Number of protein chains: 2
Amino acid sequence: MFVPLARYTASARQERAFACSKAQHSRRVSMSTGKTVLYSAPNSRGAMVEWYIRSIKAPVEVVNLDMGKGEHKSPEFLRVNPFGKVPALEETGPEPWSLNESGAILYYLAEKYDRNFPKDAHQRAQILQWILFANATLAQTAFMESLREKQLPGLLAALDQHFSKHTFAVGETFTVADVALGSYLGYIPMFFPGKVDMTPYSHLNAYMERVKERQAAASA
Amino acid sequence: MFVPLARYTASARQERAFACSKAQHSRRVSMSTGKTVLYSAPNSRGAMVEWYIRSIKAPVEVVNLDMGKGEHKSPEFLRVNPFGKVPALEETGPEPWSLNESGAILYYLAEKYDRNFPKDAHQRAQILQWILFANATLAQTAFMESLREKQLPGLLAALDQHFSKHTFAVGETFTVADVALGSYLGYIPMFFPGKVDMTPYSHLNAYMERVKERQAAASA
């Protein structure tokens, strides 16, 4: 059962919900300033945010909604995300606050918790470029059949060229941009098996392997 | 004719290109640190960035590419944006640098040039949320026919609800989030005339009018 977490005083129901969540870092969460909760669901775009949270050991609790039961459309959750979608992030406490869109959540968590998040304005802008590229350009090109045939090979070739010169999306260091880009790239063989020929892009395939290793390491 | 601008020493060709561009604020650009150039094209997503540049009087020159002549696929431009798309931003000078994805360009310009850009981390994250929402969620839902019928009315209703309580995307102040969101909302009647019924969303329509007024004021 989905239990609303924010804007409410702590309750036994709430405590149970937290206890059931995958809270690995609750010791770092100060009750006085509230908790940070990620609402997610298996096989949703929440998965990439969960991976990133584990990877940077961010003090964020994960609550999985049962979308089969429509918990993402419940009045309680619509108060967190009026669009009724996961992932959504919520900070409880005296000034509760929430955020949706996986790309915005990733960037916010990076700024707040990732010690390796670059200070350089150009690098940060490039991280944002890749997050937007993954969520908008790549996703639309892959998921719209007309674009998939006409434009996806060109995008993948340009990505292949990029990864012939760079280890990760922004230079040589793994960043939050790789969480978004790597995840969306992984959707292509998952959603379109046999429909998109990925074999010509050896540098891109090597990059996707590097990203998978990172993902596995974060889950270990 | 498209003239490559970056990574090259100044030349007469380059000077001509700058003279031809809509450079309203070149006086604020220091030659010693290089120029900032937006590559755009009429009726492209570059238009929203041009609007924002005018709105905040950012010292950015605009160079329109002739896409009919394939200037966005020229080797010179592919050095600026390997994906061959506009808009793209380039900073020339000793350390030339470029950025693509309209949403990332908007956010970068906001951080760098918009005196009203909020310092508060939550507000900035919400700006990013709306930029991603416009580019990813709203665009995909509007442009994919299957989603347009099933999910667009729900999105528009949730937006209508948001604008029943807020003047702009993030609270009461016009921000760069409204440039992205307002522009993408404007695409709906433009691309799907008669296919999407916008009449039920009175608060959303009022918001779109407020955004149009802003756009007109920036162009005046």
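Since we're looking at a predicted model, the values are computed, not measured. So you know, we letter chains A, B, ... as the sequences are listed, proteins then strands, and number each from 1.
- Between the CD1 atom in A:I131 and the CD1 atom in B:I131 there is a gap of 12.0 Å [rounded to 0.5 Å].
- For a residue to count as touching a neighbouring chain, one of its non-hydrogen atoms must lie under 4.5 Å from one of that chain's; by this rule B:L159 touches chain A with backbone and side chain alike.
- Looking at A:Q151, only its side chain comes within 4.5 Å of chain B, counting heavy atoms on both sides.
- With hydrogens and angles left out, the side-chain atoms of B:H122 and A:E91 include a donor and acceptor closer than 3.5 Å.
- In this structure, A:A104 and B:L132 approach most closely via the heavy-atom pair N-CD1, 3.2 Å.
- Using a 4.5 Å cut-off between heavy atoms, A:L89 does not touch chain B at all.
- Proximity of a side-chain donor or acceptor of A:E101 to a complementary backbone N or O of B:A136 within less than 3.5 Å is not detected.
- Across A:H162, A:K112, A:M144, A:Q126, the residue that shares the most heavy-atom pairs under 4.5 angstrom with chain B is A:Q126.
- In terms of modelled atom types and a separation under 3.5 Å, the side chain of B:Q161 and the main chain of A:P82 share no donor-acceptor contact.
- Residue-environment remark: CD (A:E172) exceeds the threshold of 12 foreign heavy atoms within 6.0 Å.
- Atom CD of B:Q129 sits about 7.5 Å away from atom CG of A:N81, to the nearest 0.5 Å.
- Across B:F83, B:Y108, B:Y107, the residue that shares the most heavy-atom pairs under 4.5 angstrom with chain A is B:F83.
- Taking all atoms of both residues into account, the shortest heavy-atom contact from A:K85 to B:L155 is CE-CD2, 4.2 Å.
- Taken to the nearest 0.5 Å, the CG atom of B:L99 stands 8.0 Å off from the CG atom of A:L128.
- Within a 6.0 Å radius of NZ in B:K195, no more than 12 heavy atoms belonging to other residues, nucleotides or ligands are found.
- Interface residue A:F133: backbone and side-chain heavy atoms are both found under 4.5 Å from chain B.
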